[in-house]
Amino acid sequence: MANVANTDYYEVLSVSKDCGEQELKTAYRKLAMRYHPDRNPDNPEAEERFKQASEAYQVLSDPQKRAAYDRYGHAGVNGGGAAGGGFAGDVDLGDIFGDFFGEMFNVAGSGRSGRVSRAQRGRDIRYDLTIEFEEAVFGKETTVTIKRMDVCADCRGSGSAHGRAASTCQQCGGRGQVRFQQGFFSIARTCPVCSGTGQVVTEPCPTCRGEARLEREHTIQVKIPAGVEDGTRIRYQGEGDAGRFGGTSGDLYIVLSVRPHAYFEREGHDLHFVVMISFPQAALGAEISIQTLEGETMLKVPEGTQSGREFRLRGKGVPYLNERGRGDLIVQVVVETPKKLTKAQRETIQQLGATLSVDNRATSRTLLDKMKDLFS
């Protein structure tokens, strides 16, 4: 996902998270026409905006990719999402632009009312959840308590006392627009009284004061899948604030923060850690016990192991999110040099040193790394 990075795809296209296929298509078409490279030659910024819009549309227009993105964010579509190299991936631009002019004239000549729907989608809620390193690797089930807006039970979400329906706005006559003459032109503007809905609440509900909703506390069961990482976003559709006046509910987003481990470090799906060994163990070889996230296991250190050598334990890393398989555990051994020696130890090492010879010539770090790779 090189083009959009962590920018929200819905924000790139300026659409809501519950937008339909046609709304998505229209939003992309507008951006594509505005920033298309043919219309903006030698304009790198426009070209990048075109790539971003195309990448966002390619993911959101595919039901499976969109579902994965909605639930896990960019982590859910990494590796299988949008095309990073071309302008529009596999987006059919002919389908996007083919009916533009016909639709434009249909809208202009349709004479549709300017009334805005009174229904309003509920607000999305973000909940930041901190989990342990092991819980991110193996998954966990927990509960979270949130406060959200629920539909008022007394007015059943109408905002009117006794559940009465809203009245027709007297200012605009229910059209949602007011017109005035300016020179030769008749200009329509959104009605300031009903905000374009064409309806007004004349007797507000005393419980919710005409807001149609009340704040309530809820406990939500959260299932964290194995393999999540810091910043992973899990979506729970419809668990956000209730919509107003018949609008759909928003979504709940659980954003994960993973505590660091005492000695394990994560790189992608691989785990890394360092274990100290003695000079005799490195020189003569040994079988040592090491700790993994699943308990202890034995690691065979061969004779003549150099300090810094890495050993890879297959399948002992982090599970792939929503896929089969796991990464690896990479163990780096470091030979520990004793800081204090007894007299007997010093004499023994001196005797050993007399039988060993090392050419203390300078060498490049690149050559040293190659030698380590050769023995690892």
Side-chain angles (χ1 to χ4, degrees), residues 1-32 35 48-93 95-96 121-129 131 136 139 144 146 220-241 243 248-258 266 268-269 318-325:
M1 297 298 175
N3 292 340
V4 184
N6 290 323
T7 304
D8 187 86
Y9 284 148
Y10 293 99
E11 293 179 2
V12 171
L13 297 178
S14 299
V15 295
S16 62
K17 292 181 173 62
D18 61 342
C19 68
E21 179 180 354
Q22 186 58 44
E23 183 182 351
L24 194 69
K25 183 177 178 181
T26 301
Y28 171 63
R29 180 175 55 206
K30 290 179 180 178
L31 292 174
Y35 295 111
E48 185 61 24
R49 291 292 297 274
F50 182 77
K51 289 180 181 179
Q52 291 178 355
S54 298
E55 180 175 313
Y57 179 75
Q58 187 181 358
V59 171
L60 299 183
S61 61
D62 184 301
Q64 292 184 346
K65 293 178 183 177
R66 182 174 180 175
Y69 175 76
D70 284 345
R71 190 162 181 81
Y72 301 110
H74 288 270
V77 293
N78 277 341
F87 281 135
D90 55 9
V91 176
D92 186 353
L93 293 179
D95 180 58
I96 295 297
R121 182 182 184 275
R123 180 180 63 95
D124 291 337
I125 297 175
R126 170 176 172 148
Y127 186 95
D128 293 313
L129 178 62
I131 60 175
V144 299
I146 63 169
I220 308 295
Q221 190 77 22
V222 175
K223 183 176 182 180
I224 301 171
V228 297
E229 57 187 325
D230 193 75
T232 294
R233 183 186 64 174
I234 304 176
R235 176 194 182 205
Y236 288 86
Q237 188 173 8
E239 295 291 352
D241 283 348
T248 58
S249 297
D251 300 328
L252 169 65
Y253 288 91
I254 305 294
V255 182
L256 302 179
S257 176
V258 181
R266 177 174 175 176
H269 294 96
V318 180
Y320 295 110
L321 182 63
N322 296 328
E323 297 179 18
R324 293 183 179 180

Is a donor on one side and an acceptor on the other found under 3.5 Å between the side chain of [X] and the backbone of [Y]?
| X | Y | answer |
| --- | --- | --- |
| Thr26 | Gln22 | yes |
| Arg71 | Arg235 | yes |
| Asp251 | Gly240 | no |
| Arg66 | Ala68 | no |

Residues, nucleotides or ligands: over 12 heavy atoms within 6.0 Å of Gln221 CD: yes
State, to 0.1 Å, how close [X] and [Y] come at their nearest heavy-atom pair, and which atoms those are.
| X | Y | answer |
| --- | --- | --- |
| Arg233 | Asp8 | NH1-OD1, 3.3 Å |
| Ile224 | Leu129 | CD1-CD2, 3.9 Å |
| Leu256 | Glu229 | CB-O, 4.3 Å |
| Cys19 | Glu23 | CB-OE1, 3.3 Å |
| Val318 | Gly227 | CG1-CA, 3.8 Å |
| Ser257 | Asp230 | CA-OD1, 3.3 Å |

Listed partners of Ser16 passing side chain to side chain donor-acceptor pair (under 3.5 Å), at least two apart: Asp18
Side chain to side chain donor-acceptor pair (under 3.5 Å) against Ser249, all qualifying residues, sequence neighbours excluded: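 Side chain to side chain donor-acceptor pair (under 3.5 Å) list for Ser249, sorted by chain: empty.
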From CA spacing to verdict: side chain to side chain contact (heavy atoms under 4.5 Å, CB included), Leu252, Asp124: CA-CA 6 Å; Leu252 169 65; Asp124 291 337; over 6 Å; no
Carboxylate-amine/guanidinium contact Asp128 Arg126, below 4.0 Å: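 Result for this pair is yes, salt bridge flagged.
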Lys65/Asp70 ion pair, N-O < 4.0 Å: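 Salt bridge absent between Lys65 and Asp70.
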Gln237/Lys17 under side chain to side chain contact (heavy atoms under 4.5 Å, CB included): CA gap, chis, key distance, verdict: CA-CA 10 Å; Gln237 188 173 8; Lys17 292 181 173 62; over 6 Å; no
Plane angle bin for Tyr69 and Tyr9 - parallel if under 30°, tilted between 30 and 60°, otherwise perpendicular: tilted
Side chain to side chain contact (heavy atoms under 4.5 Å, CB included) between Val255 and Tyr127, worked out: CA-CA 6 Å; Val255 182; Tyr127 186 95; over 6 Å; no
To the nearest 0.5 Å, what is the distance between [atom1] ([X]) and [atom2] ([Y])?
| X | Y | atom1 | atom2 | value |
| --- | --- | --- | --- | --- |
| Ile220 | Ile125 | CD1 | CD1 | 8.5 Å |
| Leu60 | Glu21 | CG | CD | 12.0 Å |
| Lys25 | Leu13 | NZ | CG | 14.0 Å |

Test item: Val59 and Tyr57 side chains (from C-beta on) under 4.5 Å apart, heavy atoms: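 A side-chain contact is absent here, since even the closest heavy-atom pair is not under 4.5 Å.
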Side chains of Val15 and Tyr28 in contact at under 4.5 Å (non-hydrogen atoms):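 In short, these two side chains do not touch, never coming nearer than 4.5 Å.
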Worked check of ring-ring contact (aromatic ring centres under 6.0 Å, His included) between Phe50 and Tyr35: CA-CA 5 Å; Phe50 182 77; Tyr35 295 111; 8.6 Å; no
Derivation and outcome, side chain to side chain contact (heavy atoms under 4.5 Å, CB included), residues Ile254 and Thr232: CA-CA 8 Å; Ile254 305 294; Thr232 294; over 6 Å; no
